[in-house]
Amino acid sequence: MPYKLIYFPVRGRGQALRYLAVDNGLELQEEVVSDGAWSALKPKTPLGQLPVFQDGDLHLGQSNAILRYVARKHGLYGKNDREAALIDMINDQQEDIRQTYLHLIYQNYDAGKAAYIKNLPTQLAVLRKFLRKSRRRRILRWRQDQFCSLHHLSSAGQLEHPLPSHPGWASEAEAFHSRIASREKITKHRATDASKKLPINGNGKQ
Ligand code: 0HH
């Protein structure tokens with residue numbers, strides 16, 4: 001039975017799961033929820049929010065719980081508890097960065113943009129340094145199909161938009177994107193009209 005993603009017509013918190021499905025050949029049906037339909041659906045969802053993911057009679061809320069579930073099921077969550085913990089650490093750091101972005105987009109766009117642009121490369125550099133070190137010391141068998149990598153790609157795709165003119169951004173973007181984004185199925189998916197046209201956020205800001 002195919003998996004199902006119920007979400008708004010945006011990339012947002014659905015995009016990492018879409019990448020995970022595309023990259024691993026998992027069948028993912030989508031139910032797109034319009035603004036008008038949301039109030040009737042909301043009380044029927046597990047936590048009153050979207051995305052919701054369905055695997056048969058298992059209905060999950062919380063986008064990172066969903067990513068973890070699919071990753072566990074398909075062997076994309078490290079080879080032991082230690083690696084899983086490091087992957088969790090990376091994903092949670094990524095989530096913190098996403099929160100900074102969401103605060104900018106939905107709460108403080110005009111007043112906060114300059115500070116955001118100034119600070120983000122530093123946030124990204126911290127993460128990149130850890131990823132490099134973990135590769136060098138072989139403390140994590142780093143794989144580009146692990147769920148946290150695809151969460152990177154989804155988040156970085158959102159984060160890059162306010163930043164193109166920032167001098168520090170190009171190198172950070174390259175480090176985060178290129179190896180993951182160049183995976184064959186991901187490249188094809190990102191090139192489709194449907195993927196390109198899907199808005200990043202719900203309020204037209206990016
Ligand atoms: N921690 C949760 C997670 O990771 C956060 C979920 C969340 O914030 O899953 N969900 C929001 C939608 S994500 C939600 O359900 C933001 C996208 C907004 C796009 C809206 C576009 C509408 C256009 C048709 N929000 C609704 C709610 O809380 O009632």
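One-based numbering along the sequence shown.
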Is it the case that more than 12 heavy atoms not belonging to [X] sit under 6.0 Å from its [atom1] atom?
| X | atom1 | result |
| --- | --- | --- |
| Lys79 | NZ | yes |
| Glu184 | CD | no |
| Asp81 | CG | no |
| Lys133 | NZ | no |

Expected output: side-chain [X] to main-chain [Y] donor-acceptor under 3.5 Å:
| X | Y | value |
| --- | --- | --- |
| Ser195 | Ala191 | no |
| Asn80 | Arg82 | yes |
| Asn201 | Asn203 | no |
| Lys205 | Ile105 | no |
| Thr45 | Lys42 | yes |
| Thr100 | Asp96 | yes |

Quick one: pull up [atom1] in [X] and [atom2] in [Y] and give me the separation to the nearest 0.5 Å.
| X | Y | atom1 | atom2 | answer |
| --- | --- | --- | --- | --- |
| Met1 | Gln54 | CE | CD | 10.0 Å |
| Glu95 | Gln93 | CD | CD | 11.0 Å |
| Leu120 | Leu104 | CG | CG | 9.5 Å |
| Tyr3 | Ile66 | OH | CD1 | 12.5 Å |
| Arg11 | Ile200 | CZ | CD1 | 5.0 Å |
| Leu28 | Leu26 | CG | CG | 8.0 Å |

Looking only at the side chains, is there a donor atom on one of [X] and [Y] sitting less than 3.5 Å from an acceptor on the other?
| X | Y | answer |
| --- | --- | --- |
| Asn108 | Tyr116 | no |
| Asn91 | His151 | yes |
| Tyr69 | Asp55 | yes |
| Arg98 | Ser155 | yes |
| Arg18 | Ser154 | no |

Val33 and Leu50: CA distance, side-chain angles, deciding distance, side chain to side chain contact (heavy atoms under 4.5 Å, CB included) verdict
CA-CA 9 Å; Val33 178; Leu50 297 179; 3.9 Å; yes
Under a 4.5 Å cut-off applied to non-hydrogen side-chain atoms, are Leu5 and Gln29 in contact?
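They are not in side-chain contact.
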Do Lys196 and Asp193 come close enough that some side-chain heavy atom pair is under 4.5 Å?
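Contact flag for Lys196/Asp193 side chains = yes.
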Same apolar cluster (I L V M F W Y, side chains within < 4.5 Å links), [X]/[Y]:
| X | Y | result |
| --- | --- | --- |
| Leu58 | Ile6 | yes |
| Ile90 | Phe147 | yes |
| Leu60 | Leu17 | yes |
| Tyr77 | Met89 | yes |
| Tyr7 | Val52 | yes |

Criterion side chain to side chain contact (heavy atoms under 4.5 Å, CB included) on Ser134 and Phe130, from CA distance to verdict:
CA-CA 6 Å; Ser134 69; Phe130 172 77; 4.3 Å; yes
Using the side-chain contact (heavy atoms from CB on, under 4.5 Å) definition, which of the options Val22, Leu76, Leu67, Asp23 pairs with Leu150?
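Filter result, single survivor: Asp23.
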Under the criterion side chain to side chain contact (heavy atoms under 4.5 Å, CB included), I'd like the reasoning laid out for His74 against Asn24: C-alpha separation, chi angles, the key distance, then a yes or no.
CA-CA 8 Å; His74 295 278; Asn24 290 283; 5.7 Å; no
For Leu153 and Ile186: C-alpha separation, side-chain torsions, deciding distance, then whether side chain to side chain contact (heavy atoms under 4.5 Å, CB included) applies.
CA-CA 10 Å; Leu153 182 62; Ile186 296 281; 3.5 Å; yes
Closest heavy-atom pair and its distance - Pro51, Ser63:
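Smallest interatomic distance, heavy atoms only, reads CG-CB, 3.9 Å.
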Locate the shortest heavy-atom distance separating Pro46 from Gly61; write the atom from each residue and the value.
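Scanning both residues completely, I find the closest heavy atoms to be CG-N, 4.1 Å.
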What class does the angle between the rings of His189 and Tyr19 fall in, given that below 30° is parallel, 30 to 60° is tilted and above 60° is perpendicular?
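Answer is perpendicular, since the angle exceeds 60°.
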So, are Lys4 and Glu31 salt-bridged, with charged N and O less than 4.0 Å apart?
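Between Glu31 and Lys4 there is a salt bridge, with a charged N closer than 4.0 Å to a carboxylate O.
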Closer than 4.0 angstrom, basic N to acidic O: yes or no for Asp92 and Arg68?
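So Asp92 pairs with Arg68 through a salt bridge.
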